[in-house]
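Each remark here refers to the structure printed beneath this line.
Everything numeric in this text was worked out from a predicted model, so none of it was measured. Side-chain atoms are counted along with the backbone in the values below, which use heavy atoms only and exclude waters and symmetry mates.
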Amino acid sequence: METYVELDTHLPDHYRTLKENIHRFAREVMRPTAAALDRLADPGAVIAAGSPLWDFLKQAYRLGYNKAGFPTQFGGLGLSGLGQHIYLEELGWGSADLALTLGLAGAPFGALAATGNRELIEKYVVPFIQDREAQYIGCWPVTEPQHGSDWVTGLWDREHNDLAGHVIARRDGDSYVISGQKSAWVSNGTIATHGLVILIADSSRGSLLGRGVAFVPFDLPGVSKGKPLNKLGQRALNQGEIFFDEVRIPSSYMLIAPDKPAAAAANGRGGGPNAMVGAVFTGVARAAFEIALDYSRQRIQGGKPICEHQLVQKQLFEMFTKVEACRLLSRAAITYNTDAPVPAMEYSIASKTFCTQAAFEVASDALQLLGGNGLSKEYPIEKIFRDARAALIEDGTNDVLSLAGASLVLARAS
């Protein structure tokens, strides 16, 4: 069911084909897989050998979807910002949890590709690009037991004293030695083979100026993981703790550090995870709207389909408007930040906060429109509702991200 007009009248034909192909994959593979995984009571069963999760990942990798954001020079699909948005929205339409699983899988390898370090590219990026069996899976460990969204604004106490991050890397000759713990909210945490770890690379400079980003293979001595997290929504997205006990990495694996600030701009290409989440939850909002629209045409109340009642029509149009607003904002953010020399991160933050809030509101309205059926697991809207609620917290809570976004807006205006 086509529920929106493509407002880009110059959209290339190959992107229309991309949309059709991803949409088919989302409908035929993602939705049934996510539904099956959501029904599993034990989160350990989601990642167990023989789980449908692995069939999904292998199919996605074989189609090349794991390398969607990589340039053609590395064997990637070479999608522009517009292409990446189309790809992410359709994945989100299929299932938020599996979309995020796949989207984050390439994060560490994409960061390595941006460095231009030929040795690291040959050792890690090329095998990831060539992977067809989902043997290389990345994650982005940020949140810690005592620190979550405050990584965005600075780790301060109420008196504004600088607090230490939990994962610390100390320089030891031509190496860094990493110790500490990332919390249970690391997406892909217990299935990941590699991580792009946010940490403190120079504790003498504090939690803001001393930050670093390290590429860490998880087969190194000292890396261990906790159990998979059991949670309300996005149950197909594996999450769990990661522990670092004197894990030694070469200094070249520290991609961003106080003495390597130039790498930060390359790493922000596309606007980072916030922009990705905004695009994904545009698809989630659209999925919820489509379910409500389709149901309103079939459900008879008062002798006619409920879509003929004025109150329902008003609700549907408000939902439609929110979905369209999500697409315009999230697409613009990714498109600009992919091409701009310096990303405008306030737009990525705006995309994440607006689109996730809108997706939750549209899902809630859709569930209400379905009435009692909306609460039933026989209908997909209750899962979408749970998935959308989780998005208000993940990748930085919307409240805290809004503070960071406001600071960027004020700085640009000054």
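Arg327 contributes no side-chain N or O that, together with a main-chain N or O of Val323, makes up a donor-acceptor pair within less than 3.5 Å. Checked by atom type and distance alone, the side chain of Lys352 never pairs as donor or acceptor with a backbone atom of Pro273 at under 3.5 Å. A donor-acceptor pair under 3.5 Å links the side-chain atoms of Ser51 to the main chain of Val46, judged by distance alone. Using modelled atom types, no side-chain atom of Asn188 and backbone atom of Cys139 make a donor-acceptor pair closer than 3.5 Å. Within the 3.5 Å criterion, the main-chain N or O of Ala350 finds a donor-acceptor partner in the side chain of Thr353. Although no hydrogens or angles enter the test, the distance criterion places a donor-acceptor pair under 3.5 Å between the side chain of Thr143 and the main chain of His147. Checking side-chain atoms of Asn337 against main-chain N and O of Pro343 turns up no donor-acceptor pair under 3.5 Å.
For CH2 of Trp185, the number of neighbouring non-hydrogen atoms (other residues, nucleotides, ligands) closer than 6.0 Å is 12 at most. Within a 6.0 Å sphere centred on NZ of Lys227, other residues, nucleotides and ligands contribute 12 heavy atoms or fewer. Annotation for Glu378: atom CD does not count as buried by contact number, only 12 or fewer foreign heavy atoms lying within 6.0 Å. Atom CD of Glu28 has more than 12 neighbouring heavy atoms from other residues, nucleotides or ligands inside a 6.0 Å radius.
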- Task: For Arg331 and Glu6, run salt bridge (charged side-chain N to carboxylate O under 4.0 Å, His left out): C-alpha distance rounded to whole Å, both residues' side-chain angles, the deciding distance at 0.1 Å, then the answer.
- Result: CA-CA 12 Å; Arg331 183 180 287 190; Glu6 176 53 64; 2.8 Å; yes
- Message: Is there a side-chain contact (heavy atoms from CB on, under 4.5 Å) between Ile121 and Phe74? Walk through the geometry before answering.
- Response: CA-CA 9 Å; Ile121 289 170; Phe74 296 116; 3.7 Å; yes
- Message: Working note: Tyr87 + Asn21, criterion side-chain contact (heavy atoms from CB on, under 4.5 Å); need CA distance, chi angles, decisive distance, verdict.
- Response: CA-CA 9 Å; Tyr87 159 81; Asn21 290 339; over 6 Å; no
- Task: Give the intermediate values and the outcome of side-chain contact (heavy atoms from CB on, under 4.5 Å) for residues Tyr347 and Ile334.
- Result: CA-CA 9 Å; Tyr347 288 93; Ile334 284 186; over 6 Å; no
- Go through the steps to decide whether Ser187 and Asn238 satisfy the test side-chain hydrogen bond (donor to acceptor under 3.5 Å, both in side chains), and finish with yes or no. CA-CA 6 Å; Ser187 297; Asn238 165 257; over 6 Å; no
- Message: His85 vs Ser330, test: side-chain hydrogen bond (donor to acceptor under 3.5 Å, both in side chains). Steps then yes/no.
- Response: CA-CA 8 Å; His85 184 276; Ser330 59; 2.7 Å; yes
- Derivation and outcome, side-chain contact (heavy atoms from CB on, under 4.5 Å), residues Trp93 and Val284: CA-CA 5 Å; Trp93 179 90; Val284 172; over 6 Å; no
- Apply side-chain hydrogen bond (donor to acceptor under 3.5 Å, both in side chains) to Tyr176 and Arg171, showing your working. CA-CA 5 Å; Tyr176 281 91; Arg171 191 68 182 257; 3.2 Å; yes
- Message: As a quick check of understanding, evaluate side-chain hydrogen bond (donor to acceptor under 3.5 Å, both in side chains) for Asn373 and Tyr295, giving each step before the final call.
- Response: CA-CA 10 Å; Asn373 286 333; Tyr295 183 86; 3.0 Å; yes
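Listed here is the closest heavy atom pair of Thr33 and Pro52: CG2-O, 3.7 Å. In terms of heavy-atom proximity, Leu316 sits nearest to Ser296 at CD1-OG, 3.6 Å. Looking at every heavy atom in both residues, Asp387 comes nearest to Gly233 through OD1-C, 3.6 Å. Taking both residues in full, the closest heavy atoms of Met345 and Gly272 are given as CE-N, 4.4 Å, listed atom of the first, atom of the second, then distance. Closest approach of Leu367 and Ile381 over heavy atoms only: N-CG1, 3.8 Å. The minimum heavy-atom distance between Trp140 and Ala107, with the atom names listed, is CE3-CB, 3.9 Å.
We find that Glu90 and Arg31 are not joined by a salt bridge, their nearest charged nitrogen and carboxylate oxygen being 4.0 Å or further apart. Ion pair Lys182/Glu241 not flagged as a salt bridge, since none of the NZ, NE, NH1 or NH2 atoms sits closer than 4.0 Å to an Asp/Glu carboxylate oxygen. A salt bridge links Lys383 with Asp97: the closest approach of a Lys/Arg side-chain nitrogen to an acidic carboxylate oxygen falls below 4.0 angstrom. Under the 4.0 Å criterion applied to side-chain N and carboxylate O atoms, Lys67 and Asp131 are not assigned as salt-bridge partners. Salt bridge present: Asp172 and Arg248 bring a charged side-chain N and a carboxylate O closer than 4.0 Å. Comment: Glu133 engages Arg62 in a salt bridge, judged by a side-chain N to carboxylate O separation of less than 4.0 angstrom. In this structure, Arg286 pairs ionically with Glu290, as a charged nitrogen and a carboxylate oxygen lie closer than 4.0 Å. For Glu318 and Lys322, the salt-bridge test fails: no basic side-chain N is under 4.0 Å from an acidic carboxylate O. Between Arg386 and Glu382 there is a salt bridge, since at least one side-chain N of the basic residue sits less than 4.0 Å from a carboxylate O of the acidic one. Using a 4.0 Å cut-off between charged side-chain N and carboxylate O, Asp55 and Lys58 make no salt bridge.
Between the side chains of Thr356 and Asn398, a donor-acceptor pair is found at a separation under 3.5 Å. Inspection of the Ser175 and Tyr253 side chains reveals no N or O donor paired with an N or O acceptor under 3.5 Å. Counted by atom type alone, Asn117 and Thr115 present zero donor-acceptor pairs between their side chains at under 3.5 Å. Looking at Thr282 and Glu89, their side chains never bring a donor and an acceptor atom within 3.5 Å of each other.
Between Ile86 and Ile22 the shortest side-chain heavy-atom distance does not fall below 4.5 Å. Under the 4.5 Å side-chain criterion, counting only non-hydrogen atoms from C-beta, Arg211 is in contact with Trp151. Between Val167 and Ile242 there is no side-chain heavy-atom pair separated by less than 4.5 Å. Under the 4.5 Å side-chain criterion, counting only non-hydrogen atoms from C-beta, Val213 is not in contact with Val197. No side-chain heavy atom of Ile168 sits under 4.5 Å from any side-chain heavy atom of Ser179. By the 4.5 Å heavy-atom criterion applied to side chains, Leu237 and Glu394 are counted as neighbours. The shortest distance between side-chain heavy atoms of Thr193 and Phe218 does not fall below 4.5 Å. Side-chain contact check for Val177 versus Ile249: every heavy-atom pair is 4.5 Å or farther apart.
Aromatic ring centres of Tyr65 and Phe25 lie closer together than 6.0 Å. Taking the centre of each ring, Tyr124 and Phe215 come in below the 6.0 Å mark.
Distance check, rounded to the nearest 0.5 Å: CD1 of Ile191 to CH2 of Trp54 gives 4.5 Å. Rounded to the nearest 0.5 Å, atoms CG (Leu375) and CD (Gln368) are 8.5 Å apart.
Here the rule is side-chain contact (heavy atoms from CB on, under 4.5 Å) with Ile129, and of Phe109, Phe70, Tyr136 only Phe70 fits it.
Scored by the side chain to side chain donor-acceptor pair (under 3.5 Å) test, Asp365 finds no partners at all (sequence neighbours excluded).
A cation-pi arrangement is present between Arg389 and Phe360 under the rule of less than 6.0 angstrom and at most 45 degrees off the ring axis.
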